[in-house]
Amino acid sequence: MSKKWDVSKVRNIGISAHIDSGKTTLTERILFYTGRIHAIHDVKGKDGVGAKMDSMELERERGITIKSAATNVSWKNIDINIIDTPGHVDFTIEVERALRVLDGAVLVLCGVAGVQSQSITVDRQMRRYSVPRIAFINKLDRAGANPFRVSEMLKEKLRLNAILTQIPIGLEDRHEGVVDLFSRKAFYFEGDKGEKVVEKEIPEDLKSQAEEYRQKMIEALADFDDSLAEKFLNEEEISKEELYKVARKATLDLSITLVFMGSAYKNKGIQCLLDAVEAFLPNPTEVTNTALDLDKDEKQMEIDPCPDKNLLALAFKLEDTRFGQLTYMRIYQGVLKKGDFIINTRTTKKLKVPRLVYMHSDDMEDIERASAGDIVAIFGVDCASGDTFTDGKINYAMSSMFVPDPVMSLAIAPKEQSSSGNFTKALQKFRKEDPTFFIKRDEESGQTVISGMGELHLNIYVERMKREFNCEVEVGKPQVAYRETISQLTAYDYTHKKQTGGAGQFAKVVGQLETLGENPKTNYEFVSKIVSGRIPREYIPAVDKGFQEQMTKGPLIGFPIVSIKATLLDGAYHDVDSSEMAFRICAMAAFREAYMKGRPIALEPIMKLEVSCPEEFQGQVVGQINQRRGLIKGTENSEAFTTVEAEVPLAEMFEYSTELRSATQGKGEFTMEFSRYAKVPVNIQEQLVKDYQAKRVEATK
């Protein structure tokens, strides 16, 4: 695809939604209508090909998106870089890193289910990065589809100022097209694949409804423009262009979310959505991005998305391929050419760009150069996810993305000793690719432990080891990421003395430990109230460090300690024998001693669970949740379907999918995401303590 580079004609967008809302199907249609592919394949296609954007064999088998995939298309007079992101919460980092580098987004919603749990998560991520979005209500061909109800859910559940810009022409099996409220025209999508967009007058039976919703749209937009408000109040005619101008500005200001609709599967409404991407989502010059100037004490600098400026690019995603490491990059300013030398500002290493490509899912298109505002991939550059690259004339760093903590762990080992080389290679590759995938060695058991965002997340990596590295692994019982803390204020007063011939060690610390509560904003707080030089100022950071070191593994159940406020009130030192090391050791011992007096408790991750099933199975579903120590937060019935929202401890959720399927004849679906940490019941804490003690005894044998 040749690029006539004009940054104002570029759109960098993400397609995000709850699992199974039709994101990948929608992207497949976009590729077809923009001429990027010449045949449509479905996500769970009977032809065995699968959707273009689901390039992994595992994605095609399971019918879900696991890795975000990038592509670029041309529509009318704009170039669009698209990232199709996963909907499953276990792969939330893929959404996180996509939104970090995108300028706009399309939030896809199911026309039947509406706003679901992952829609809420995606909305929160979009807000975190201030990404303007439009909404697309999909699956209007499905039984029970109701876009008006979904639009209301956007207002109630997501607190979005959602404005309907279209109404449907028929629903369910009679869905034919959409009425555009801006232009007062009806659009039908004819031809075998809906490729012919036919503009007609609004059908007679929809005219009054269309006028009613157009007035509602204008009234909502009038809040953002005085001249529009005046025309609306005086009942003057308002042109499509005037409405577009106000709607675009309010969308870019994150004040409104325009709502479009259709059916990706039935090839309806997609071309109108592409027109909306051009009309209402920002180009790179309309988004404010900042970087930190490392030569000026990390002063925040606004980035100018201009090809004439010095190069600034962010590596936001890594993938290991048969050609070597593939690094996805968003170019924020300047120009990147094949053969250029670039500087990694984190490592200060100078690297050459041997190959520059546009990605089209797993296909590549070699290019010679790319400009500000573009998303490309480069080969043969060793770096980490989140690294910033420049041409060496500026020394900027861009802020990285938010990475959530893991909630589940598995002990794994290769079945055959001969596979240990591939086992290590696979783990290193996955760790580089995925910032939410953690590896550690359990010192007591000698096991390799992998941690991630959930059961599916870790199972996918186990399966990938087998397929990509020919390495079968043995998997231990899933381990929940417990935490521990104290439940009451406790004092410490500890003196560390050591005299062995030469220079001795002396340090004394006095103070208190207290809890910051179950879900504090920070896990650790250190306060020094030392006055009149009781401890020299240079030794106080060593006390802080000693406390933090002691918190990595608690003595109660062997998990990290969280939610601690440590206050240093007093102490003593020796002119000769005191040192940073002495104060660090003293702080560690003081913490250990005081911690067990503070009535330590275990905390467990509580998950937000959302289950959807036909109404007749509601009783069984609620019963199952109650048996798993779940707390029902609410139920909602709509169109013969029930949605149950609950909070359930993660420890009780293993193998839930099998149990749910058997209780609902395979018709139940669920999603789960981390909510908070909460105190473990006494009987379970006792068992955890007993298991930890037994493990320690075993390790000493």
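Only this structure's heavy atoms are used, side chains among them; waters, hydrogens and symmetry mates stay out. It should be emphasised that the depicted structure is a prediction, and the values quoted were computed from it without experimental measurement.
Between Ile625 and Ala646, the closest heavy-atom pair is CG2-CB, 3.8 Å. Of all the heavy atoms in Ala291 and Met398, the pair that sits closest is CB-CG, 4.2 Å.
Tyr539 places a side-chain N or O within 3.5 Å of a backbone atom of Ser578 that can act as its donor or acceptor partner. The closest donor-acceptor contact from the side chain of Asn422 to the backbone of Phe469 lies under 3.5 Å. One N or O on the side chain of Gln624 and one on the backbone of Glu659 form a donor-acceptor pair closer than 3.5 Å. Under a 3.5 Å cut-off, the side chain of Glu472 and the backbone N or O of Lys415 do not form any donor-acceptor pair. With hydrogens and angles ignored, the 3.5 Å screen pairs no side-chain donor or acceptor of Thr448 with any backbone N or O of Ala413. A donor-acceptor pair is defined here as one N or O able to donate and one able to accept, closer than 3.5 Å; such a pair exists between the side chain of Ser487 and the backbone of Arg599. Checking side-chain atoms of Asn344 against main-chain N and O of Arg346 turns up a donor-acceptor pair under 3.5 Å. Side chain of Ser528 to main chain of Leu568: no donor-acceptor pair is present (N/O by atom type, distance under 3.5 Å, no hydrogens or angles). Under a 3.5 Å cut-off, the side chain of Thr552 and the backbone N or O of Gln548 do not form any donor-acceptor pair. Not a single donor-acceptor pair under 3.5 Å links the side chain of Thr567 to the backbone N or O of Gly511.
By the ring pair (Phe, Tyr, Trp, His ring centres under 6.0 Å) test, Phe526 is found to be paired with no residue, residues two or more places apart in sequence or in another chain being considered. Scored by the salt bridge (Lys or Arg N to Asp or Glu O under 4.0 Å) test, Arg127 finds Asp123 as partners (sequence neighbours excluded). Not a single ring pair (Phe, Tyr, Trp, His ring centres under 6.0 Å) links Phe506 to another residue, sequence neighbours left out. Residues satisfying the salt bridge (Lys or Arg N to Asp or Glu O under 4.0 Å) criterion with Asp570, sequence neighbours excluded, are Arg534.
Between the side chains of Arg431 and Gln428, a donor-acceptor pair is found at a separation under 3.5 Å. Checking Asn459 against Glu463 by side-chain atom types alone, no donor-acceptor pair falls below 3.5 Å.
Classified by interplanar angle (parallel below 30°, tilted 30° to 60°, perpendicular above 60°), the ring pair Phe437/Tyr461 is tilted.
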Could you list the donor-acceptor pairs under 3.5 angstrom formed between side-chain atoms of residues 590-598 and any protein atom two or more places apart in sequence or on another chain?
from   : atom 1 : to     : atom 2 : distance (Å)
Arg592 : NH1    : Gln550 : OE1    : 3.2
Tyr595 : OH     : Glu484 : OE1    : 2.8

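Taken from OH in Tyr482 to CG in Leu688, the straight-line distance is 4.5 Å, to the nearest 0.5 Å. Summarising the geometry, atom CD1 belonging to Ile561 is positioned 9.0 Å from atom CG belonging to Leu513; distances are rounded to the nearest 0.5 Å. The structure places CD of Glu580 at 7.5 Å from NZ of Lys545, a figure rounded to the nearest 0.5 Å. In this structure, CD on Glu514 lies 9.0 Å from CD1 on Ile564, to the nearest 0.5 angstrom.
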Report task. In sequence, state the C-alpha distance, the side-chain angles, and the governing distance for Gln687 and Asp691, and then conclude on side chain to side chain donor-acceptor pair (under 3.5 Å). Result -> CA-CA 6 Å; Gln687 188 58 48; Asp691 292 347; 2.9 Å; yes
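The 12-atom threshold is exceeded at NZ of Lys157, counting heavy atoms of other residues, nucleotides or ligands nearer than 6.0 Å.
In this structure, Tyr492 has its ring center under 6.0 Å from that of Phe547.
Pairs of residues two or more places apart, or lying in two chains, never qualify as salt bridge (charged side-chain N to carboxylate O under 4.0 Å, His left out) while including a residue from residues 556-569.
With Glu652 as reference, Arg629 is the one residue of Gln627, Arg628, Arg629 to meet the side-chain hydrogen bond (donor to acceptor under 3.5 Å, both in side chains) rule.
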